[in-house]
Amino acid sequence: MSLIMSLNSGSSSLKFQVFRMPAEVLIASGLIERIGLPSSVFTVKANDHEESSTLDIPNHKEAIRLVLESLMSHGIVSDLKDIAGIGHRIVHGGEKYSASVVINEQVEKDIEVLSDLAPLHNPANLLGVRVIDEILPEAVQVAVFDTAFHQTMEPVSYMYPLPYEYYEKYGIRKYGFHGTSHGYVTKRLREILGSENSRRIISCHLGNGGSLAAVKNGKCVNTTMGFTPLAGIMMGTRSGDIDPSILAYLSEKEHLSLQGVTDLCNKKSGLLGVSGISSDMRDIENAIKEGSARAKLACDMYVQRVCNTIAAYAVQLGGVDAILFTAGIGENSIYLRQLIIETLEDAFPIELDRTANNIRRKEAKISTASSRIQVWVIPTNEELVIARDTYRLMK
Ligand code: ADP
């Protein structure tokens, strides 16, 4: 028996889950928000009990110390050495990492170098690794990369039609993100359907951030996020794909730097930008019920982008056996799933089972028995993948 902690260290937040392996039992989880800001919030759930406290947590080292202390005080571990492995979510693994690896000095260096491609994420992820190096030097640390699952894409899918030299000089290409999630949910669906009936899957990870992946025989052949997570479908606050000339045009008109316009595309666009109401799909659904035309427009744009991508991936895959929905919106929004599948019904041999679709957060088939393309909801679990990979690589 081993205790494994999966850690997602963000710039101002830290999420953790502790599993007993190999039984895969979740025994504690928690979240620290607002690290480095006044009134950080620490929430921990253990022994069927959740508690939240507000205190000042100046940095990640203190945050991780606090997590470990609380695991001791809740009786989850009696000695910190009980935690045999720590798996880290690392956003960018570049072209070098197509699978999870045990972290050594070289891996740390690589993650640091790749910060150039993921300046908001990799430094914060690496900070988590370095703090654990200090506090728990004997624990095995494993890196699980968000980009790894997409490394099977061919150049025809990952290259941008820019001068080739920029790929060679700067690594400008499509990397894709949410790979841990797409990998987990498509593998799960292949277990359910059998490999013969799941050769061509389109995976829709629809959360605050969102991406689709086209998966052939278990391998990713295309995905919507690109060089950065700003690309692809419309998201909560991100524009997704837009005409790139808009950036320079807006920069001039609004007297913003290019970085300022990029920030606008990341933080003020998407559902929030179009609706003017919220980035949260629940708020958008409520606003539609109250008659908001802009919320309806935002939602219709979202649906159109998802459907157009599904159609494009159907062509690339040479047909579709199954479409799956996952993440916050994909698992919970009965309304969005209905809009998406009903839009596809005119063009594809697909039919929604409206009664079966009436579920949230659980594994279910939501297409009718006669639908040639099956539609499924598969809850994602990135933390479990991180714990599994860590346990496997420790042995
Ligand atoms: P993140 O990308 O931050 O991990 P999540 O996967 O948690 O995001 O997804 C957050 C999104 O899921 C939000 O837009 C939220 O509105 C949506 N969501 C969560 N529950 C529901 C629900 N019951 N109905 C509709 N949307 C929901």
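We count ligands from 1, going down the list as the structure has it; atoms in each ligand are counted the same way.
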Using distance alone, determine whether [X] and ligand 1 share an N or O pair under 3.5 Å.
X      : value
Ile329 : yes
Glu285 : no
Met281 : yes
Gly328 : yes

Legend entry - Arg188/Glu363 ion pair, N-O < 4.0 Å: yes

Legend entry - Salt bridge present between Arg130 and Asp133 (N-O < 4.0 angstrom): no

Inset, instruction - Please check if any side-chain donor atom of Ser245 sits under 3.5 Å from a side-chain acceptor atom of Asp243, or the reverse. - result: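 Ser245 vs Asp243: donor-acceptor pair found between side chains.
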
Inset, instruction - Tell me yes or no: between the side chains of Ser211 and His182, is some donor less than 3.5 Å from an acceptor? - result: yes

Who's the nearest protein heavy-atom neighbour of [atom], and how far?
atom                    : value
atom 16 (O) of ligand 1 : Asp280 OD1, 2.3 Å
atom 22 (C) of ligand 1 : Asn332 CB, 3.4 Å
atom 2 (O) of ligand 1  : Asn208 N, 3.1 Å

Inset, instruction - Please report the closest heavy-atom contact between Phe177 and Phe227, naming both atoms and the distance. - result: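 Result for this residue pair: CZ-O, 3.9 Å.
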
Legend entry - Side-chain donor/acceptor of Asp82 to backbone N/O of Leu3, under 3.5 Å: no

Inset, instruction - Look at the side chain of Arg200 and the backbone N and O of Gly318, then say whether any donor-acceptor pair between them is shorter than 3.5 Å. - result: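 Indeed, once roles are kept as given, a pair shorter than 3.5 Å links the two residues.
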
Legend entry - Pick from Arg361, Glu382, Arg282: the one approaching atom 19 (C) of ligand 1 most closely through a non-hydrogen atom: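 When every heavy atom of Arg361, Glu382, Arg282 is considered, Arg282 comes closest to atom 19 (C) of ligand 1.
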
State the atoms of ligand 1, each with its element, that fall below the 4.0 Å cut-off from a heavy-atom position in [X].
X      : answer
Gly209 : 2 (O)
Ala327 : 6 (O)
Ser333 : 25 (C)

Inset, instruction - Please state whether Gly236 comes within less than 4.0 angstrom of ligand 1, counting heavy atoms only. - result: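 It does not; every heavy atom stays at 4.0 Å or beyond.
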
Inset, instruction - Kindly give the cluster partners of Leu264, where membership spreads through any ILVMFWY side chain lying under 4.5 Å from a current member. - result: Ile242, Ile246, Leu247, Leu250, Leu256, Leu258, Val261

Inset, instruction - Could you tell me whether atom 4 (O) of ligand 1 has at least one protein heavy atom nearer than 4.0 Å? - result: no

Legend entry - Pairs where residues 56-69 contributes a residue and the test side chain to side chain donor-acceptor pair (under 3.5 Å) is met, not counting sequence neighbours: Lys61-Glu134

